[in-house]
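What follows is a short report on a single structure.
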Amino acid sequence: MAGEETPEELRYLSGLGNSFSSEAVPGSLPVGQNSPLVCPLGLYAEQLSGTSFTTPRAHNLRTWLYRIKPSVTHEPFHPRVPTNERLVGDFDDRTTTVATPTQLRWRPTDVPTAPLLDFVDGLYTVCGAGSSFLRHGYAIHMYAANKSMDGCAFCNADGDFLIVPQQGRLFITTECGKMLVSPGEIVVIPQGFRFAVDLPDGPSRGYVSEIFGAHFQLPDLGPIGANGLASPRDFLSPTAWFEQAHRPGYVIVQKYGGELFTATQDFSPFNVVAWHGNYVPYKYDLSRFCPFNTVLFDHGDPSVNTVLTAPTDKPGVALLDFVIFPPRWLVAENTFRPPYYHRNCMSEFMGLIYGIYEAKADGFLPGGASLHSCMTPHGPDTTTYEATIRRADANEPLRLKGTLAFMFESSLIPRVCRWALDSPSRDLDYYQCWIGLKSHFSHDNGAAASSESSGMDEKD
């Protein structure tokens, strides 16, 4: 068994999209070929493909794993008992999901002390679109866990997970190695990787986006140039780590079509002694994001804060964008600086990691969430609007600090899970935050004003 690494001793490989090589034991990687007749140290060669074999090289993703026993060595899969009935992979199912254009908001969910829930059992779907079976769409989940995974590993055959912890660190073991992920960081577990989640701080909660049939990548920078937003070198992947112990009754939990299945084996899936490739888990510290903002007037579009994107075949249209609203300077003059009122062809799911979101003075709390679907109006609440237009120092530079909000934005219209609509955490009075917006219209130009207000045009 490899030496046990504590979270403080973890080492990482830097870069997003790189081809890496990592060995837990020197000399365990084959030289000059991927699948020799006999691998070094008697290991098995196993390829994990994240794209089709014939995907163009610039987008082709795969990693070779050199393991003590191959992952195929397990008993048959069976439906998991008990299952997790709050996971959805097909959003055309009207028995579990509902279409609604209503603005939705949820208060934070307390992590229960009982029953005991690990990451798998604490995961629940809020909304989504498309189907994992059709390899197109996405799901947005949340999790609330109070127990580390023990004697089991999770594998998502449906898509990539992007996990945003909000409370409590996650110590994640993957087939490529280990990662410690804190609130303020994110982690991406690509489709097909087996992983286990430990909770070093005890109870933990957070957010998860899942994409079907695509992978996350950095957005193009366009006129911004070569630098800015998220830098590839700040993304960190684990280094090889393995365990060799005999583990009778070890359980693989596989999510397939939104349902859970289990298979048992007599060894840990984390028996990869060496690996090389470009299909790997990775994490990112959101404080490393280099934001751009308007420097003279008007409020820029939130797309300028995109950290990662999962594109569609249509240029500029995302299956899912991950966007953040980090600490930054606001300097625009004669400008309403909070986000503008908006109706969007995209759908926006928002979460708050810490602090106060600049467009919502009340009600939107860390660990909570909101959903504004396609063409549903949204924007600053009454308190924020009134306070902003009355600021005596509205043109003075202001540094937003102590806040970190994010958005999952998609071109697909979501359906909402019935349990999310019926949740006691749902804020049924959310709409009230806008009801107080009053008319500030003032137009007193005598007869001309009367003529214009009646819709009449003057003609020569």
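- Without hydrogens or angle criteria, R94 side chain to A99 main chain gives no donor-acceptor distance under 3.5 Å.
- Between the side chains of S287 and D285, at least one donor-acceptor pair of N or O atoms lies under 3.5 Å.
- No side-chain donor from either of N278 and S19 sits under 3.5 Å from a side-chain acceptor of the other.
- Note that CG of L428 and CG of L104 are 9.5 Å apart. Values are rounded to the nearest 0.5 Å.
- Contact annotation: the side chain of R194 approaches that of I252 to within less than 4.5 Å [non-hydrogen atoms, C-beta and beyond].
- Relative orientation of the F119 and Y143 rings is tilted, given thresholds of 30° and 60° on the angle between their planes.
- No option in D321, T306, V323 other than V323 meets the side-chain contact (heavy atoms from CB on, under 4.5 Å) test with M407.
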Before giving the answer on salt bridge (Lys or Arg N to Asp or Glu O under 4.0 Å), spell out for E9 and K178 the whole-Å C-alpha distance, their side-chain angles and the decisive distance to 0.1 Å. CA-CA 10 Å; E9 295 173 338; K178 297 187 173 190; over 6 Å; no

Output, in order, the C-alpha distance, side-chain angles, deciding distance and verdict of side chain to side chain donor-acceptor pair (under 3.5 Å) for Y138 and D160. CA-CA 9 Å; Y138 70 96; D160 289 12; over 6 Å; no

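- The aromatic rings of F408 and F322 sit tilted, their planes meeting at an angle between 30° and 60°.
- At distances below 3.5 Å, at least one donor-acceptor pair connects side-chain atoms of N344 with backbone N or O atoms of M346.
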May I have the step-by-step check of side chain to side chain contact (heavy atoms under 4.5 Å, CB included) for E185 and L170, ending in yes or no? CA-CA 10 Å; E185 297 182 315; L170 305 179; over 6 Å; no

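- Within 6.0 Å of atom CG in D393, more than 12 heavy atoms from other residues, nucleotides or ligands are found, so the atom counts as buried in its surroundings.
- Taking the six-membered ring for Trp and thresholds of 30 and 60 degrees, F406 and Y207 have ring planes more than 60 degrees apart, a perpendicular arrangement.
- In I356, the CD1 atom is not crowded: 12 or fewer heavy atoms of neighbouring residues, nucleotides or ligands sit closer than 6.0 Å.
- To the nearest 0.5 Å, atom CD of residue E85 and atom CH2 of residue W419 are 8.5 Å apart.
- A pairwise comparison of heavy atoms in I140 and F349 identifies CD1-CB, 3.5 Å as the closest pair.
- For the atom pair L134 CG and D90 CG, the distance stands at 7.0 Å (nearest 0.5 Å).
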For the pair V126 and W106, evaluate side chain to side chain contact (heavy atoms under 4.5 Å, CB included) and give the outcome as yes or no after the intermediate values. CA-CA 10 Å; V126 177; W106 294 269; 3.9 Å; yes

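- In this structure, F193 and Y279 have tilted ring planes: the angle between them lies in the 30° to 60° band.
- Using bins of under 30°, 30° to 60° and over 60° for the plane-to-plane angle, the ring pair Y430/W434 lands in the tilted bin.
- For T384, the side-chain contact (heavy atoms from CB on, under 4.5 Å) criterion is met by P338, A361, P380, D381, T388, not counting sequence neighbours.
- Separating the CG atom in L352 from the OG atom in S370 is a distance of 9.5 Å, to the nearest 0.5 Å.
- If you take CG on D234 and CZ on R288, they are separated by 5.0 Å, rounding to the nearest 0.5 Å.
- In this structure, E386 and H440 have side chains that are in contact, with non-hydrogen atoms separated by less than 4.5 Å.
- Residues A157 and Y256 approach most closely at CB-CD1, 4.1 Å, considering heavy atoms.
- Of all heavy-atom pairs between Y250 and F270, the closest is OH-CE1, 3.5 Å.
- At least one side-chain heavy atom of L412 sits less than 4.5 Å from a side-chain heavy atom of H136.
- Within 6.0 Å of CG on D429 lie more than 12 heavy atoms contributed by other residues, nucleotides or ligands.
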Is there a side chain to side chain donor-acceptor pair (under 3.5 Å) between T55 and S52 once you walk through the steps? CA-CA 5 Å; T55 293; S52 67; 2.7 Å; yes

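- The shortest distance between side-chain heavy atoms of F297 and N334 does not fall below 4.5 Å.
- Between Y341 and Y385, the angle of the ring planes lies from 30° to 60°, which puts this pair in the tilted group.
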